[in-house]
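Accompanying notes for the structure given below.
No experiment lies behind these values; they were computed from the predicted model shown.
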Amino acid sequence: MSANINEREDDDREDDANDTENTVRTGSVVSQAHDHSDDDSHGTVSGTDDHSTTIDGSAGDDALEGSELSDHINGREGENHLNGNDGDDDILGGSGTDHINGGIGMDTVRGGDGENHLRGDDGDDSIAGGRGFDDINGNVGSDTAHGGEGDDWVVGGKDNDAVYGDAGDDIVYGNLGDDTVAGGAGADLIRGGQGDDNVSGDDGDDWMSGDRGSDTLSGGAGADTFHFFSGASVDVVTDFSAAEGDHVQLDPGTIYTVHQTGADVTIDLAGGADHMVLQNVQLSSLPDGWISA
């Protein structure tokens with residue numbers, strides 16, 4: 001159906017009283033798809049390939065596809081499957097359980113409340129979960145991802161990402177690239193992955209590992225565990241505090257030596273290539289059991 005954005009054919013003005021509308025608006029087209037609540041049908045709406053679109057889902061379960069340009073997609077209520085396709089898209093899942101793919105481009109993906117499966121795909125994306133459990137992966141590109149409230153799984157993917165667990169007991173993983181990785185409030189498991197990463201635990205009793213590359217780790221408040229292993233290169237811990245219950249965990253069977261180097265404690269692993277530095281810590285002040293292997 002073709003029409004001006006402000007015009008509608010008379011025949012299209014008749015709406016069933018029991019219908020909930022999914023509305024697609026483009027630069028030159030207005031069209032509708034209906035979700036009939038009485039027959040439990042699910043609306044599916046696709047954008048065009050030659051115009052940017054605004055796509056609104058229904059109160060039911062929707063499958064919404066964007067266009068090749070920049071789209072605005074709102075799934076609203078229900079369990080939604082949303083795909084931005086190409087272009088720099090703005091996608092909001094709504095209050096239900098949502099599965100969202102940004103597609104190619106610099107996308108903004110927001111899951112809203114509920115349990116969400118959020119993927120940035122290609123491009124430098126901004127991804128945010130909501131109050132429930134969110135499974136987030138930025139995939140390719142330098143992405144920024146926030147888990148939001150709840151116990152989330154947040155992964156940066158490829159390239160240099162900034163990933164945050166936020167409130168809750170989260171798993172946060174930078175993966176490939178030089179990443180900024182932060183757990184937020186809660187007892188988090190945090191890994192930098194490959195590359196030279198900045199890893200922080202924030203509030204709570206966190207377990208963290210810089211993984212491979214030269215990483216900087218900060219535990220924040222709480223009794224934190226700093227993991228280190230052969231092949232990890234050089235890691236620096238900025239705020240190790242035995243008084244707060246911090247601990248260094250080496251892989252079982254690791255051969256190591258510990259010594260004071262100026263104001264810092266250095267842990268050297270056998271072979272000489274890998275060591276962890278605890279900044280501004282006196283070896284003589286550390287209690288029994290502060291390190292294990």
Side-chain angles (χ1 to χ4, degrees), residues 22-27 43-58 61-150 152-166 170 172-182 193:
N22 296 339
T23 304
V24 183
R25 290 184 173 85
T26 72
T44 301
V45 182
S46 296
T48 65
D49 291 334
D50 55 350
H51 297 283
S52 177
T53 61
T54 296
I55 305 174
D56 292 328
S58 71
D61 300 343
D62 302 305
L64 309 179
E65 294 278 342
S67 70
E68 292 183 354
L69 299 181
S70 300
D71 307 303
H72 301 275
I73 304 175
N74 187 342
R76 297 173 62 195
E77 295 88 350
E79 180 174 351
N80 303 306
H81 293 258
L82 313 177
N83 191 338
N85 289 321
D86 294 353
D88 301 337
D89 306 306
D90 185 358
I91 308 174
L92 174 62
S95 59
T97 298
D98 302 304
H99 306 263
I100 304 178
N101 288 79
I104 299 173
M106 299 173 61
D107 306 306
T108 299
V109 175
R110 293 166 291 162
D113 296 339
E115 297 185 2
N116 303 300
H117 181 277
L118 310 177
R119 296 293 183 267
D121 296 330
D122 289 353
D124 301 340
D125 305 305
S126 176
I127 308 170
R131 295 180 181 177
F133 167 74
D134 302 297
D135 178 348
I136 299 173
N137 195 318
N139 297 131
V140 179
S142 296
D143 307 303
T144 300
H146 286 266
E149 298 180 31
D152 307 303
W153 184 6
V154 187
V155 179
K158 187 179 178 182
D159 299 309
N160 304 328
D161 306 302
V163 289
Y164 307 91
D166 297 329
D170 307 302
V172 189
Y173 182 32
N175 205 0
L176 304 177
D178 301 336
D179 305 306
T180 298
V181 186

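No side-chain donor-acceptor contact under 3.5 Å links Thr53 to the backbone of Ile55. A donor-acceptor pair is defined here as one N or O able to donate and one able to accept, closer than 3.5 Å; such a pair exists between the side chain of Asn80 and the backbone of Gly75. When atom types are taken as modelled, the side chain of Asn83 and the backbone of Glu65 share no donor-acceptor pair closer than 3.5 angstrom. Checked by atom type and distance alone, the side chain of Ser70 pairs as donor or acceptor with a backbone atom of Asp88 at under 3.5 Å. Side-chain atoms of Asp121 come within 3.5 Å of backbone N or O of Gly103 as a donor-acceptor pair. Side chain of Asp107 to main chain of Asp89: a donor-acceptor pair is present (N/O by atom type, distance under 3.5 Å, no hydrogens or angles). No side-chain donor-acceptor contact under 3.5 Å links Asp122 to the backbone of Ile104. A donor-acceptor pair is defined here as one N or O able to donate and one able to accept, closer than 3.5 Å; no such pair exists between the side chain of Asp170 and the backbone of Val172.
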task = Please step through side chain to side chain contact (heavy atoms under 4.5 Å, CB included) for the pair Tyr173 and Asp179, ending with a clear verdict.
result = CA-CA 9 Å; Tyr173 182 32; Asp179 305 306; over 6 Å; no

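Between the side chains of Asp134 and Asn116, at least one donor N or O lies within less than 3.5 Å of an accepting N or O. If you check the side chains of Asp56 and Asn74, you find no donor sitting under 3.5 Å from an acceptor. Between the side chains of Asp113 and Ser95, no donor-acceptor pair of N or O atoms lies under 3.5 Å. In this model, no donor atom of one side chain and acceptor atom of the other lie less than 3.5 Å apart for Glu68 and Asn85.
Looking at heavy atoms from C-beta onward, His99 lies out of side-chain contact with Arg119 at the 4.5 angstrom threshold. At least one side-chain heavy atom of Asp90 sits less than 4.5 Å from a side-chain heavy atom of Arg110.
In terms of heavy-atom proximity, Asn137 sits nearest to Ile127 at O-CD1, 4.0 Å.
Within the model, atoms CG of Asn101 and CD1 of Ile91 stand 8.0 Å from one another, a figure rounded to the nearest 0.5 Å. To the nearest 0.5 Å, atoms CG (Asp152) and NE2 (His146) are separated by 12.0 Å.
Ion pairing of Asp62 with Arg76 is absent here, as no side-chain N (NZ or NE/NH1/NH2) approaches a carboxylate O to less than 4.0 Å.
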Output a table of donor-acceptor pairs, distance under 3.5 Å, between side-chain atoms of residues 153-161 and any protein atom two or more places apart or on a different chain; print 'none' if there are none.
unit_1 : atom_1 : unit_2 : atom_2 : d
Asp159 : OD2    : Gly141 : N      : 2.7
Asn160 : OD1    : Asp178 : N      : 2.8
Asp161 : OD1    : Asp143 : N      : 2.7

